[in-house]
Amino acid sequence: MVEIAKRDGVPQCTLDNFERDFADRHLLHGIVAKWAKETPQDLAVINADTKVTVTWERFDKATTAMAMKLLDMGFVKGDYFATSLPLLTEHLFLEYACFKIGVRFVPLDLRLKPPEVIRSLSLVHAKGYGFLGKTDAADFRELAKAVRANCPFVEHLIQFSPPEQDVLDGAKAAFEFAAEAAQLAVNAFSAGEGSPLMKKYVEVVGSIGEDDGCLVIFTTGSTGYPKPALLSHRNITCQNMCLGEAFDMTKNARMLVNLPPSHVGCQTEQLMTPLFFGQTVVILHIFDAEKSLKAIQDYRVNCFGQIPALFNMEWMLPNYGDFDLDSLRFALYGGQQVSRQFLEKLSAMAPGFGTGLGLTETAGFATYSPLDGTVDDILAGIGYDMPVYPMSIRGPMKEDGSAGDELREGETGNICFKGPQTFLGYVNDPDATARTISVDGYLYTGDLGFKDAKGLHFAGRQKWVIKPKGYQVFPAQVEEQLAELEDKVGMVGVVGVEHDVFSEGIVAFVEKKAGAELTVEELQAHAKETLASYMRPGHYVLVEPGEFPLNRVAKTDYVTLSEMAKAEVERLRAAGGWDRQSERTFPFMRQPRGLRWSWRSCPARRRRPALLPLTGRPTASTPWSCPQRTALGACVFRPRSRACCNTTARTPAGAGKTPCVPG
C-alpha cells in the first residue's frame with residue numbers, strides 16, 4: 001500500500017510516486033492487462049442497462065481480439081477512430097482495443113447533428129467511424145449517410161445495432177465485427193509465433209509509449225467552437241493517480257459512470273480512475289436521473305461524480321426519497337460553482353463530498369478539495385494542487401510565447417499548470433496549441449483566479465471577463481450574489497455586451513425556480529445590497545424553469561447567452577434603451593448636482609456621456625475636456641446657443657459643433 005503525505009487534507013502525490021509506486025500503470029491498456037493477470041475473475045465493469053458483467057480477464061481478451069481485427073483492417077498507429085455512441089460495453093472494448101495499437105480514439109457527443117459530426121471528423125481526419133442504427137430516438141444511419149457522403153477519408157463504418165436490424169450499405173455490423181475479431185484472435189493464438197497477425201500485434205503493442213496520444217476529447221465549446229484536445233496515456237494515468245488518492249477510490253470502490261463518453265468527466269475521471277486502482281465501474285448507456293439512483297441502490301455504488309445540473313435533476317424526482325442510497329460514501333461534483341443550499345443537499349446524499357478544478361486539457365482534475373471538507377471548506381475555494389502537477393497564477397503569456405510572471409498570493413491572474421497532466425495539443429491546430437501551452441511548458445487554462453491559504457479561488461473564464469467603464473468584473477462574482485436568492489433562483493449567467501457609454505454593460509440571465517415568483521425589481525434590490533455599483537447588471541432577463549441555455553455537458557452555455565444578450569440589447573436599443581439608460585440602472589455613473597446628462601453625438605461618447613451645466617455660462621475654469629483639445633485647447637459647451645467655444649482663443653467654434661465631454 002502506498003503511503004502519501006497530506007497537506008490541508010489533500011494527498012501530496014509527487015512525480016516520484018508516479019514513477020516509482022505506479023510504474024506499471026502508465027499505459028491504459030496495460031492497466032487492464034495488469035488486473036487481468038492479478039485478479040482475473042474480479043469484476044471490472046457492470047452494465048446497469050443490460051445487467052452484463054465483465055471480469056478483468058474478459059475485458060483484456062475482448063480488447064485484444066478487437067485490436068487484432070483493427071490491425072487486420074489496416075489501422076496503424078496514429079490513425080483516428082471516432083464514434084457517436086452511448087456508453088455501451090462494446091464501446092469500451094473498442095476504445096481499449098484502439099489504445100493497444102496506438103489508434104487514437106475520438107468519442108463524439110451523441111447529440112451532434114450531421115454538420116457538427118462532419119466538422120469533428122474532418123478536424124481529426126478519422127479513418128474509422130462507429131455509429132448507432134435505428135433507435136427509438138432517431139435513425140442514426142442517416143447520420144452515417146451524411147458522413148459517408150461528406151467524409152471520403154473515413155474508410156470504415158461500423159454500425160452498433162441489434163443483429164436483426166438492416167445495416168447501412170458499406171458498413172459492417174458491430175456484432176459481425178466482434179465475431180470476426182474473436183475468431184481472428186483464436187487463430188492467431190493457436191498459430192503462435194507462426195501467425196503474421198500475432199507477430200504484427202506483438203510488435204505494435206510493444207511500440208506504444210506512455211507519451212503517445214491515445215484519446216481525443218473535444219472541448220465543450222463554452223467559449224467558441226469545440227477543439228479536439230489530444231491526451232496521452234501519461235496525461236491520463238497521472239490524473240488517475242491523483243484523483244483516486246484525493247477522493248479515496250484506491251480500494252473497495254464501486255463507481256457509477258453515467259456521463260457522456262464524449263466528456264473528460266466520464267472518460268478519464270469516472271471510468272479510468274477506478275480502473276487504474278483495479279476497482280469496479282457501473283455504467284449507464286446514457287444519463288437518466290431515475291436509472292442513476294436505481295443503479296446506486298441495486299449495485300451498492302459507493303462513489304460517483306456529476307455536474308450540478310444532474311444532481312438537481314435527481315433531487316427533483318418525486319420518488320427520490322424512495323431509493324436506498326446508504327451505500328454512498330462519496331459524491332464528487334465539478335463544472336461550475338454552487339450554492340450553500342446545493343452543498344447541504346449533497347451532504348445529505350453522501351457523507352463525503354468534494355470538488356476541484358478540472359478541464360479537458362489537464363486530462364481531468366488538477367485541484368482537489370479536502371476529503372473531509374465541510375460545506376464551509378468547499379465554499380471557501382476549489383481545492384489545492386499537488387506537487388506532481390503544480391499550479392501557479394501568472395500574468396498573460398508574453399509575446400515570445402513564454403509564460404507571464406508569477407503573481408503574488410491573493411492577486412488574480414491566469415490559472416496555469418505545469419507537469420505530466422498537460423495535454424499534447426489540439427489536433428492539427430498548432431496556433432491554438434501555442435496560445436494554450438507556453439514555450440516553457442505552462443498550460444494556460446483560460447480560467448482566472450487567485451490562491452491563498454484556503455486554496456484556489458475561481459474568478460471566471462478569461463474570455464468572459466466584463467469591463468464596464470474600465471473596471472474588471474468576473475461573471476462568477478455577479479452570478480454568486482444573484483444565486484443567493486436560492487429559494488427563487490435556479491441557474492444564473494451573466495455576460496457583457498458592448499455599450500456606447502460604458503464600453504460594456506452587464507446582462508444577467510436568471511432562471512426562475514419551478515413554482516417561484518421572481519421579479520426584476522427583486523433582483524435589482526438584491527444586487528444593490530450585495531454588489532458594488534459597477535458590478536450590477538444593466539439588464540435582467542428572466543428565464544422560465546428548464547429553459548436556461550446549457551451546453552452539451554449541461555454547463556452554462558456562455559456562447560448562446562452572449563448571442564441572446566446581443567439580440568436583447570438590439571431590442572432595447574430599438575426602443576431607445578440600453579445605451580441611454582438612466583442613473584437608476586447604472587448607479588456608478590453618478591450625476592453631479594447642477595448637471596444633467598447629454599447624449600449628443602460625440603466621438604468620445606463610447607467612453608462616457610457628456611455632462612452639461614443646467615444654468616450659467618461656461619468659463620475658462622469649467623472642468624471640461626475635448627477629444628480635439630490638442631488642436632483647439634479646452635473646449636466648452638454653451639447650452640442655450642449650442643455653440644462650442646475655444647476657451648483659449650475665445651473664438652466661436654459653433655459651426656464645427658466640436659463636442660465636449662467631462663474631464
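This structure is a prediction, so every number in the text was calculated from the model and none was measured.
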* **Set of residues satisfying salt bridge (Lys or Arg N to Asp or Glu O under 4.0 Å) with respect to Lys172, sequence neighbours excluded** => Glu180
* Asked: Applying salt bridge (Lys or Arg N to Asp or Glu O under 4.0 Å), which residue pairs with at least one partner in residues 278-290 are found, sequence neighbours left out?
  -> none
* Asked: Taking only residues two or more places apart in sequence or in another chain, which ones pass ring-ring contact (aromatic ring centres under 6.0 Å, His included) with Phe423?
  -> Tyr426
* To do: Identify, with sequence neighbours excluded, every residue that meets ring-ring contact (aromatic ring centres under 6.0 Å, His included) alongside Phe509.
  => none
* Does a donor on one side chain and an acceptor on the other come within less than 3.5 Å for Gln306 and Glu314? -> yes
* Asked: Who are the salt bridge (Lys or Arg N to Asp or Glu O under 4.0 Å) partners of Asp42, not counting sequence neighbours?
  -> none
* Under the salt bridge (Lys or Arg N to Asp or Glu O under 4.0 Å) test, residues paired with Asp372 that sit two or more places apart -> none
* Residue list, ring-ring contact (aromatic ring centres under 6.0 Å, His included) with Phe417, at least two apart or on another chain -> Tyr389
* Structure fact -> Applying ring-ring contact (aromatic ring centres under 6.0 Å, His included) to Phe330 and not counting sequence neighbours gives Phe247
* If we ignore angles and hydrogens, is there a donor and acceptor under 3.5 Å between the side chains of Asn240 and Thr237? -> no
* **Set of salt bridge (Lys or Arg N to Asp or Glu O under 4.0 Å) partners for Glu142, sequence neighbours left out** => Lys145
* What pairs of residues pass the salt bridge (Lys or Arg N to Asp or Glu O under 4.0 Å) test when at least one of them lies in residues 336-353, not counting sequence neighbours? -> Arg340-Asp376
* So Trp35 and Phe277, ring pair (Phe, Tyr, Trp, His ring centres under 6.0 Å) or not? Walk me through it. -> CA-CA 9 Å; Trp35 298 118; Phe277 290 98; 8.6 Å; no
* **Pairing residues for Pro162 by the side-chain contact (heavy atoms from CB on, under 4.5 Å) criterion, not counting sequence neighbours** => Glu164, Gln165
* Which residue pairs satisfy the salt bridge (Lys or Arg N to Asp or Glu O under 4.0 Å) criterion with at least one member in residues 481-492, sequence neighbours excluded? -> Lys488-Glu522
* To do: Verify whether one side chain among Glu57 and Thr55 offers a donor that lies under 3.5 Å from an acceptor in the other.
  => no
* Verify whether one side chain among Thr367 and Asp385 offers a donor that lies under 3.5 Å from an acceptor in the other. => no
* Asked: Are side-chain heavy atoms of Lys512 and Val543 found at a separation under 4.5 Å?
  -> no
* Salt bridge Lys100-Asp60, side-chain N to carboxylate O under 4.0 Å -> yes
* Asked: Does the pair Asp49/Lys291 count as a salt bridge with the N-to-O cut at 4.0 Å?
  -> yes
